Amino acid sequence: MNHFRRSTRFLNVYICSLCKSQQLEKAEAALIDGIRIGYLPDTTTYNTLIVGYASSVGFDAAYSILHRMREAGCRPDVVSYNSLISSAGRCALLSKSLELFEQMHQVGVNPDIWTYNTLMNLLFKYGKPEEANRVFCWILSNNVAPCATTYNTMINGLLKAGYASYALRFFRSTQRCFGFTGGIVTYNILINGLCELGRFGEVKRVLKELDELGTTPNVITYTTVMKCCFRHGKFQQGLEIFSDMKAKGFTFDAYAYCTVISPLIKMGMAKEANECMEQMLRTGIRFDLVSYNTKINLYCKLGNLEGAFRLIDEIEKSGTESDVYTHTTLVDALCKNGDIDKAQLHLKHMEMRGFKSNLVACNSLIHGLCQAGQVGNAMKVFKKMEMKDSFTYTSMVQGLCNAREFLTAYKLIRTCLREGMTLLASVRRAVIFGLRVSGYKRQARKLKSEIRMASVYRYEG
DNA sequence: TTAGGGTTAG
């Protein structure tokens, strides 16, 4: 008996390593070979396959393992259900996750703290913070012991839902009532959430608290603060953090590299970004989709569009699906290159592949059409767009000014202001100047005063 | 089997 148990354990370890490297066919073959020579698969074997199928194929494939498991006489346990609940959530199937939670009760499998943590996380992720909070209260009232992940999930979810003050109060109360001190993960969650909300004073206080606790910041802490600096225009400070990380000997992962490469591209420092990318390639890091998208963006900015398109094949060969970022980056590059026809063709290609029309791609197209002097065509795209933002209006108004259609630009800019959006100052000035020199002095005065009023309103708001 | 950082447009 012990012999079989030990052998099954070896079989499970082997199947697990195959699943992790996405070799599902080999994992299935190992299972068949194992049975043939008398190593009976157990619940852990099938749980391993659930995780393998969930990460490489998808929820349905993972769910089908549950039936195979029962047919083989193995009873699904809490790990089987937790893995499936999590997989359904990753595939945007929240109702399926909740269904599986119900099913657990019906078949007599008791949920554990992992089940509740996963559910809470999914409820926050899909915009249901009240329900996530109800799960937390349920945990407490039913004497299930929360763990660090439970508190961290609550803090993260509350911050992402915009309840920063409540998240901080929640953290303080877990410290007081449950003796939860919080570790580096908690502090990283707090720093990231507060950075996203622009509450830099509190970020500084949290960083100080981390230091006082004697906890060493890790690569995630640094990456988070660095991104925050770049996002708020503090490029020099961001680059200093990057140098500091190198000096301290941090091992850079794909997240850290992408965090620094993208702002370098944005700042027009393509040469430096390329050096950083080459460094990233030298480390042999496995490229995931975001890394590939960053590389595609870099190639586009270096003018290597052919190389950028070749990278799509590389992505697909690596077994990853390209996404809306991949294609939108290419549409923008084609527009900037003046290849408007190719950009429009690529947009059609995106639609055929099931990508919905997206704001960024339309904005790039409007900008490209205006730059190419096709203001009429740009206006057609503009009118068809269901959603517009300040980028849309800025490009369109700029295009109209270049075409000396100041009255139309005047009407658009007023709509934009009414909707509470801002335009680049240079574009606002161009419209006012254009109106004046074209003899529309009254409209120019009116617009100037409306712009002033809108800025006062925003300031007071 | 659960929680934290990275990608596109004016």
Side-chain angles (χ1 to χ4, degrees), chain A residues 44 47-48 50-51 54 62 77-87 89 112-122 124-125 147-157 159-160 183-193 195-196 218-228 230 252-263 265-266 280 288-298 300-301 323-333 335-336 358-368 370-371 389-399 422-424 426-427:
Chain A
T44 308
N47 285 348
T48 308
I50 287 178
V51 175
D77 64 1
V78 66
V79 177
S80 327
Y81 277 98
N82 288 350
S83 307
L84 286 169
I85 289 172
S86 167
S87 163
D112 62 6
I113 192 63
W114 290 50
T115 322
Y116 294 116
N117 291 345
T118 310
L119 269 184
M120 277 166 49
N121 190 39
L122 292 177
F124 273 123
K125 192 174 159 193
C147 64
T149 303
T150 318
Y151 302 127
N152 288 339
T153 304
M154 275 299 285
I155 297 167
N156 184 45
L159 281 163
K160 296 261 163 76
I184 187 65
V185 176
T186 317
Y187 282 89
N188 285 344
I189 288 171
L190 285 169
I191 293 163
N192 183 51
C195 278
E196 295 278 323
N218 64 11
V219 66
I220 296 181
T221 326
Y222 274 92
T223 309
T224 308
V225 178
M226 185 165 69
K227 182 191 126 197
C228 181
F230 287 133
F252 279 62
D253 57 12
Y255 280 78
Y257 275 115
C258 293
T259 304
V260 73
I261 292 172
S262 295
I265 298 173
K266 226 170 228 157
M280 182 179 175
D288 62 4
L289 185 56
V290 178
S291 312
Y292 273 118
N293 287 345
T294 307
K295 196 173 172 189
I296 286 177
N297 187 27
L298 176 64
C300 288
K301 298 299 185 292
D323 69 356
V324 72
Y325 282 89
T326 321
H327 296 285
T328 305
T329 305
L330 289 165
V331 167
D332 181 63
C335 288
K336 287 210 170 77
N358 78 85
L359 183 64
V360 177
C362 289
N363 285 348
S364 295
L365 184 60
I366 286 181
H367 187 69
C370 288
Q371 292 290 104
D389 66 0
S390 66
F391 281 77
T392 328
Y393 280 98
T394 302
S395 296
M396 199 61 246
V397 171
Q398 177 78 70
T422 51
L423 279 107
L424 286 182
S426 59
V427 176

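Within every chain, numbering begins at 1; the chains are lettered A, B, ... in the order of the sequence lines, protein sequences first and strands thereafter. All figures in this text were calculated on a predicted structure; none of them were measured in a lab.
Spacing between atom OH of A:Tyr151 and atom P of B:dT2 amounts to 20 Å, rounded to whole angstrom units. What separates CD1 of A:Ile296 from C1' of B:dT7 is a distance of 10 Å, to the nearest Å. With rounding to whole Å, A:Leu122 atom CG is found 9 Å from B:dT2 atom C1'. Taking atom CG of A:Leu119 as the reference point, atom C1' of B:dT2 lies 10 Å away to the nearest angstrom. In this entry the distance linking CD1 of A:Ile184 with C1' of B:dA3 reads 14 Å, nearest Å. Between the OH atom of A:Tyr325 and the C1' atom of B:dT7 there is a distance of 6 Å, given to the nearest Å. Nucleotide B:dT8 holds its P atom 11 Å from the NZ atom of A:Lys336, rounded to whole Å. Atom CG of A:Leu289 is separated from atom P of B:dG5 by 17 Å (rounded to the nearest Å).
Looking at heavy-atom distances under 4.0 Å, A:Thr186 makes no contact with the nucleic acid at all. Using a 4.0 Å heavy-atom cutoff across all strands shown, A:Asn47 reaches no nucleic acid atom at all. Counting any heavy atom pair closer than 4.0 Å across all strands shown, A:Asn218 reaches a base atom. Heavy atoms of A:Val185 sit under 4.0 angstrom from at least one base atom. Using a 4.0 Å heavy-atom cutoff across all strands shown, A:Ser291 reaches at least one base atom of the nucleic acid. A:Val219 comes within 4.0 angstrom of a nucleotide base, judged by non-hydrogen atoms across all strands.
The base of B:dG5 sits within donor-acceptor range of the side chain of A:Thr223, with an N or O pair under 3.5 Å. Residue-to-nucleotide contacts include a donor-acceptor pair under 3.5 Å from the side chain of A:Asp253 to the base of B:dG5. Taking only distance into account, the side chain of A:Thr394 meets the base of B:dG10 through a donor-acceptor pair shorter than 3.5 Å.
The side chain of A:Ile220 approaches B:dG5 more closely than any other nucleotide in the set B:dG5, B:dG10, B:dT1. Nearest to the side chain of A:Thr294, among B:dT7, B:dT8, B:dA3, sits B:dT7. Nearest nucleotide to the A:Asn117 side chain, out of B:dT2, B:dA9, B:dT1: B:dT2. Distance from the side chain of A:Asp323 is smallest to B:dT7 among B:dA9, B:dT1, B:dT7. Across B:dG5, B:dT8, B:dT2, the shortest atom-to-atom separation from the side chain of A:Ser262 is found for B:dT8. Relative to the side chain of A:Asn156, the nucleotides B:dA3, B:dT7, B:dT8 differ in distance, and B:dA3 lies closest. Closest contact between the side chain of A:Ile189 and the listed nucleotides B:dG5, B:dG10, B:dA3 involves B:dA3. Relative to the side chain of A:Trp114, the nucleotides B:dA3, B:dT1, B:dG10 differ in distance, and B:dT1 lies closest. Listed nucleotides B:dG10, B:dT2, B:dA9 differ in distance to A:Ser86; the shortest reach to its side chain belongs to B:dT2. Here B:dT8 is the nucleotide among B:dT2, B:dG10, B:dT8 with the atom lying nearest to any side-chain atom of A:Thr328.
With rounding to the nearest 0.5 Å, the separation of CD1 in A:Ile366 from CG in A:Leu359 is 9.0 Å. Rounding to the nearest 0.5 Å gives a distance of 11.0 Å between CG of A:Asn47 and OH of A:Tyr81. Here the OG atom belonging to A:Ser80 is positioned 10.5 Å from the CD1 atom belonging to A:Ile85, to the nearest 0.5 angstrom.
A donor-acceptor pair under 3.5 Å links the side-chain atoms of A:Thr329 to the main chain of A:Tyr325, judged by distance alone. Under the 3.5 Å distance criterion, the side-chain polar atoms of A:Thr153 are matched with a main-chain donor or acceptor of A:Thr149.
Contact between the side-chain N/O atoms of A:Asn121 and the OP1/OP2 oxygens of B:dA3 is found at a separation under 4.0 Å. Checking the phosphate oxygens (OP1, OP2) of B:dT8, no side-chain nitrogen or oxygen of A:Asn293 falls inside 4.0 Å. Dashed line: the shortest gap from a side-chain N or O of A:Lys301 to OP1 or OP2 of B:dT8 is not under 4.0 Å. Applying the 4.0 Å criterion to OP1 and OP2 of B:dG5, one finds that A:Lys160 has a side-chain N or O inside that range.
Side-chain contact of A:Thr118 with A:Asn121: a donor-acceptor pair under 3.5 Å is absent, judged by distance alone.
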- Message: Run the side-chain hydrogen bond (donor to acceptor under 3.5 Å, both in side chains) test on A:Asp332 and A:Asn297 for me, step by step, so that the C-alpha distance in whole Å, both residues' side-chain angles and the decisive distance to 0.1 Å come before the verdict.
- Response: CA-CA 10 Å; A:Asp332 181 63; A:Asn297 187 27; over 6 Å; no
